[in-house]
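Let me begin by presenting the structure, written as structure tokens, before commenting on it.
Throughout, numbering of the chain's residues begins at 1 and tracks the sequence.
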Amino acid sequence: MKRSRTNAAMLNASLAGILQVITIIMLFVMQTFFIKFLGANYLGVNGLFKNVLSFLSFAELGVGGAMVYSLYEPLANNDYAQVSAIMRIFKHTYQLIGIVILVLGLLLTPFITVFMHGGSPVPFPHLLFVLYLLNTVVSYFFTYKRSLLIANQQGYKSTINTFYFMLIQNVLQIIVLIFLKNYILYLVIQIITTLLSNIVISKIVDKEFNYLSDYKDEKVIPSTVDYMKKNIVGTVSSKIGTIIVFGSDNIMISTFLSVYLVGLYSNYMLIVSGVTTLLNQVVSAVTASIGNLKATANVKQQKQVFYQYMFINTFLVFMSSTILYGAITKFVIIWVGEKYKLAMVTVTLIIVNFVINQMRQPVLNFISAFGLYWPMRWKSLIEALVNIAASMTLMLVFHLGINGVILGTIISNIVINMWWEPYILLKYGLKIEVFEFIKSVLKQYSVITIGLILSYYVQNYFEVRNFFSLIIFVCTLGVVSLIIFVISYFNNKDLVYFTNLLKAK
């Protein structure tokens with residue numbers, strides 16, 4: 001049984017990783033055609049709608065995760081009756097969420113242009129928002145069945161389904177963009193393929209778990225209901241805070257600056273988000289192993305693994321941030337043109353925010369594996385308030401524009417996250433001396449700062465005219481960055497450990 005679980009985990013992780021890389025490439029192709037045939041204003045509106053709907057989706061909160069966890073035990077015990085009962089609750093809950101989002105979205109529709117500084121730069125903004133809203137809503141009426149596949153270690157089936165229909169969607173949308181340049185039809189295709197994807201996955205689940213309709217009167221046992229409620233309550237504040245922090249930037253930029261600027265910002269964030277997704281897949285893949293470590297290892301071993309984990313994450317952040325900082329604007333210019341580039345100070349703030357967020361990942365993953373969500377319940381809400389207050393003040397009072405919005409996020413990270421999250425982990429989880437941890441973190445940030453300064457000066461003296469010369473530049477910067485990192489951590493025990501591990505392989 002253990003072997004089958006391991007094989008399932010490897011299949012799900014490897015397939016997700018491969019398809020994620022292809023998906024990122026497809027997103028760049030799709031955005032290229034979008035910009036070419038519709039322009040930055042439509043791109044900005046697209047980004048605005050996406051962020052507004054992320055706020056409306058607050059209704060989902062922690063429902064999905066709590067219900068997925070509740071399926072593990074009955075699936076393992078072949079308790080078909082309880083699986084059916086839980087899925088029935090899942091179905092009704094998600095249908096209710098879909099209706100709530102639809103109603104809130106329709107109520108918001110007449111006011112959507114309020115979020116567009118100077119009025120809508122595109123025709124029919126209310127119709128466009130309703131179409132975007134429908135794409136979100138239709139997913140809630142079928143997507144709950146994907147959770148059963150994930151809980152049963154068959155997430156790869158959902159991954160393949162999503163990828164297949166996304167490919168069809170992108171091909172059809174590109175055809176529409178080339179020949180019709182019609183954003184309305186572009187969104188209609190998105191709705192239809194989302195609906196078809198969920199209908200197909202629903203049929204697959206019904207066929208594979210054909211017992212779901214056999215236990216219509218079965219009730220979920222009280223202990224499971226209590227477990228769901230506790231998990232949902234424990235994640236509510238975190239989810240709300242996360243949505244506010246990550247969903248507010250485009251809305252503030254669009255409302256107080258311009259929709260066009262959202263379009264420029266979206267190009268950079270597409271690149272950063274792609275790198276972030278890949279890095280998070282790597283550093284999050286061991287969360288379950290960390291949970292096992294807590295249960296089986298002593299304090300000394302936990303501490304050792306934590307610092308090794310931090311070291312690997314620092315290496316990944318160092319390499320990715322130095323390359324991104326030096327190459328991201330050069331890539332944007334070659335990709336979509338000089339007029340789509342942002343100022344260097346804005347790019348610097350984007351990369352700094354990226355670094356801070358990625359350096360938090362080891363602590364966050366240990367908090368997740370150790371089940372320390374309850375002590376974190378107020379953190380995200382306070383972070384969100386600080387973020388919005390700082391961003392609005394810097395943007396409107398000090399007139400820093402888009403730089404003020406990004407700087408506000410950085411401030412909330414520094415003022416709240418950089419001490420609160422480690423405090424929770426060190427107090428309730430790992431037994432590590434505070435000054436030892438601070439010393440390690442300062443060393444990591446110092447090395448990354450050196451790398452970013454180096455990247456800034458190198459990119460100024462390296463002319464890039466096409467993708468070929470960009471590849472040469474990235475490789476050169478990568479080699480130089482690697483040398484700097486090795487020199488900075490020369491004779492470090494973690495570097496020695498992983499070097500020996502690679503040699504053994």
Quick one: does Tyr268's side chain get under 4.5 Å of Phe331's, heavy atoms only?
no
If I compare all heavy atoms of Pro110 with all of His126, which pair ends up nearest, and what's the gap?
O-NE2, 3.5 Å
Hey, are the side chains of Asn403 and Met395 touching, using non-hydrogen atoms and a 4.5 Å cut-off?
no
Using only heavy-atom distances, determine whether the side chains of Ser202 and Lys145 contain a donor-acceptor pair under 3.5 Å.
yes
Determine whether Gln173 and Leu185 make a side-chain contact, defined as any pair of heavy atoms from C-beta on separated by less than 4.5 Å.
no
Answer yes or no: are there more than 12 heavy-atom neighbours, outside Phe124 itself, under 6.0 Å from its atom CZ?
no
Which residue in the set Val200, Leu134, Val138 passes side chain to side chain contact (heavy atoms under 4.5 Å, CB included) when paired with Leu195?
Val138
Heavy atoms of other groups near Lys181 NZ, more than 12 under 6.0 Å
yes
Test side-chain contact (heavy atoms from CB on, under 4.5 Å) on Ile271 and Val332 and set out the steps.
CA-CA 9 Å; Ile271 301 168; Val332 168; 3.8 Å; yes
Locate the shortest heavy-atom distance separating Phe115 from Ser254; write the atom from each residue and the value.
O-OG, 2.5 Å
Residue from Ile448, Ile410, Leu407, Thr409 passing side chain to side chain contact (heavy atoms under 4.5 Å, CB included) with Val352
Ile410
Taking atom CZ as the centre, does Phe462 end up with more than 12 heavy-atom neighbours from other residues, nucleotides or ligands that are less than 6.0 angstrom away?
yes
Look up atom CE in Met166 and atom OG1 in Thr194, then write down how far apart they are to the nearest 0.5 Å.
11.0 Å
Under the side-chain contact (heavy atoms from CB on, under 4.5 Å) criterion, do Arg360 and Met418 qualify, and how do the steps go?
CA-CA 7 Å; Arg360 294 166 54 201; Met418 287 184 70; 5.6 Å; no
Distance-only polar pair, side chains of Asn267 and Lys341, donor-acceptor under 3.5 Å:
no
Approximate separation, where rounding is to 0.5 Å, of Gln190 CD and Leu131 CG
9.5 Å
I want to check something: taking the side chain as every heavy atom from C-beta on, are Ile367 and Val363 in contact at a cut-off of under 4.5 Å?
yes
State, without any angle test, whether Asn135 and Ser139 hold a side-chain donor-acceptor pair at a distance under 3.5 Å.
no
Would you call Asn357 and Thr276 a side-chain contact if the rule is heavy atoms closer than 4.5 Å?
no
Going by atom types alone, do Asn466 and Ser469 pair a side-chain donor with an acceptor below 3.5 Å?
yes
Minimum side-chain heavy-atom gap Phe90-Met87 below 4.5 Å:
yes
Grab the two heavy atoms, one from Thr109 and one from Gly105, that are nearest each other, plus how far apart they are.
OG1-O, 2.7 Å
Is the ring centre of Phe34 less than 6.0 Å from the ring centre of Tyr42?
no
Which atom names give the shortest non-hydrogen contact between Val275 and Ser320, and what distance separates them?
CG1-CB, 4.0 Å
Distance to the ring centre below 6.0 angstrom and angle to the axis at most 45 degrees; does that hold for Lys330 and Phe473?
yes
Any heavy-atom pair between the side chains of Ile201 and Leu149 that's under 4.5 Å?
yes
Ser197 to Arg146 - nearest heavy-atom pair and separation:
OG-NH2, 2.8 Å
Do Thr322 and Ser455 have a side chain donor and acceptor closer than 3.5 Å?
no
Leu172 side chain near Gln169 side chain, heavy-atom distance below 4.5 Å
no
Between Asn313 and Pro362, the two heavy atoms sitting closest are ND2-CD, 3.4 Å
Quick one: pull up OG in Ser248 and CG in Asn51 and give me the separation to the nearest 0.5 Å.
7.5 Å
Test side-chain contact (heavy atoms from CB on, under 4.5 Å) on Leu102 and Leu133 and set out the steps.
CA-CA 7 Å; Leu102 177 61; Leu133 171 67; 4.0 Å; yes
Gap between atom CG of Leu27 and atom OG of Ser273 - 0.5 Å precision
9.5 Å
Would you sort out whether Tyr183 and Tyr186 count as a ring-ring contact (aromatic ring centres under 6.0 Å, His included), showing the intermediate values?
CA-CA 5 Å; Tyr183 186 51; Tyr186 173 96; 5.6 Å; yes
